[in-house]
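What follows is a single structure, written as structure tokens, with notes after it.
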Amino acid sequence: MSGLRFEDILIDVGTDEFDRVTGYVEFPYFHKQIEVACDEGVTAEYVAQSVRWLSEVDEALVREICQYALYYLQDELESTSKGELLDEGIQNIQEPLEVLRYMEFGSLDIKVPREPEIPVLNLSGGCDWQEDEGLHCLIKNGHVVYMGSWNDEDVWDERLLDDDNYLFNYVLYPKREELRQKAAGG
């Protein structure tokens, strides 16, 4: 045991109503603090590792996140009338990074890992186009495996990228029409 404590890593450490260790940490890419919630059984060492992975988020990964968030936004604009209620700029995004003006990550959930050496991030937050359901982004090994509304998906669930999840996982959005036809049997 290294003797590392949650207090050594997180700011304002406490527990929430689910008895999870909570606190705050800097999300360096965005220069802001986000909340961290650690499931029971998560060690301080693993939290330190997760915070290190968070600090390694770079522009390439943010671009990937933004591209999938943009697909999420486009789907909402195409399938609902929400566009009428949103800022005009959100409807005319040309570059994926522009979507950052309309979304943010506010928390990092840390669950007991299946494979502690594989970098994973479970980020959630909000977005202007889906205020009620928010935004959930799961990153595994440096790539987004889930982007969509918050629904408590597990980054370790290999089925996240299964074809039948094309309606809610915007990582699959580029293949959506092909998957829709396949699901319809055509």
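Here the closest non-hydrogen pair linking Gly3 and Asp8 is O-OD2, 4.1 Å. Closest approach of Val155 and Leu160 over heavy atoms only: CA-CD1, 4.3 Å. Here the shortest heavy-atom pairing between Ala69 and Met103 reads CB-SD, 3.6 Å. Across Pro113 and Trp156, no two heavy atoms sit closer than the pair CA-NE1, 4.0 Å. Considering every non-hydrogen atom in both Leu172 and Asp162, the closest pair reads CD1-O, 3.3 Å. For the pair Pro96 and Cys66, the tightest heavy-atom approach, listed with the atom from each and the gap, is O-CB, 3.3 Å.
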Checklist line | side chain to side chain contact (heavy atoms under 4.5 Å, CB included) assessment of Leu54 paired with Ile34 | finding: CA-CA 11 Å; Leu54 186 68; Ile34 63 172; 3.9 Å; yes
Checklist line | Test log, rule side chain to side chain contact (heavy atoms under 4.5 Å, CB included), inputs Ile90 and Leu73 | finding: CA-CA 9 Å; Ile90 200 170; Leu73 166 62; 3.6 Å; yes
Margin query: Does Ile93 form a side chain to side chain contact (heavy atoms under 4.5 Å, CB included) with Tyr102? I'd like the steps, not just the answer.
Written below: CA-CA 10 Å; Ile93 293 176; Tyr102 305 100; 4.0 Å; yes
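Side-chain atoms of Asp109 and Arg20, non-hydrogen and from C-beta on, do get closer than 4.5 Å to each other. Residues Tyr146 and Asp157 have side chains not in contact (no heavy-atom distance under 4.5 Å, counting atoms from C-beta outward). Counting only heavy atoms from C-beta outward, the side chains of Val120 and Asn122 never approach each other to under 4.5 Å. In this structure the side chain of Val57 never reaches within 4.5 angstrom of the side chain of Phe30, judged on heavy atoms. The closest side-chain heavy-atom distance from Val21 to Val42 is not below 4.5 Å. For the pair Val25/Val47, no side-chain contact is recorded, criterion being any heavy-atom separation below 4.5 Å from C-beta on. Residues Tyr71 and Pro174 meet the side-chain proximity criterion, which asks for heavy atoms closer than 4.5 Å. Counting heavy atoms from C-beta on, the side chains of Leu97 and Glu59 come closer than 4.5 Å.
The aromatic rings of Tyr72 and Trp129 sit perpendicular, their planes meeting at an angle over 60°, well past the 30° parallel limit. Classification of the Tyr173-Tyr170 ring pair by plane angle, with boundaries at 30° and 60°, yields tilted.
Checked for salt-bridge contact, Glu158 and Lys140 meet the test: a charged N lies under 4.0 Å from a carboxylate O.
How far OG of Ser55 is from CZ of Phe27: 10.0 Å, rounded to the nearest 0.5 Å. A distance of 8.5 Å separates CZ of Phe6 from CD of Glu45, quoted to the nearest 0.5 Å. Going from atom OG of Ser107 over to atom NE2 of His136 covers 8.0 Å, rounded to the nearest 0.5 Å. Atom CG of residue Asp12 and atom CD of residue Glu7 lie 11.0 Å apart, to the nearest 0.5 angstrom. To the nearest 0.5 Å, the span separating CD on Glu76 from CG on Asp128 amounts to 12.5 Å. For the atom pair SG of Cys137 and CG of Leu108, the computed distance is 11.0 Å after rounding to the nearest 0.5 Å.
Remark: the backbone N or O of Ser149 is not paired with any side-chain donor or acceptor of Gln130 at under 3.5 angstrom. Formation of a donor-acceptor pair under 3.5 Å by the Asn169 side chain with backbone atoms of Met147 is found in this model. Checked by atom type and distance alone, the side chain of Glu64 pairs as donor or acceptor with a backbone atom of Val144 at under 3.5 Å.
Phe168 is not connected to Trp150 by any chain of hydrophobic side-chain contacts under 4.5 Å among Ile, Leu, Val, Met, Phe, Trp and Tyr, and they are in different clusters. Tyr24 and Trp53 sit in two unconnected hydrophobic clusters of ILVMFWY residues. Membership requires side-chain heavy atoms under 4.5 Å apart, directly or through other members. In terms of hydrophobic clustering, with Ile, Leu, Val, Met, Phe, Trp and Tyr side chains grouped at heavy-atom distances under 4.5 Å, Val13 and Ile11 are assigned to different clusters.
Each of Leu138, Ile110, Ile65, Ile139 was checked for a side chain to side chain contact (heavy atoms under 4.5 Å, CB included) with Leu121, and the lone residue meeting it is Ile139.
For Glu95, the CD atom counts as densely surrounded, since its 6.0 Å shell holds more than 12 non-hydrogen atoms of other residues, nucleotides or ligands.
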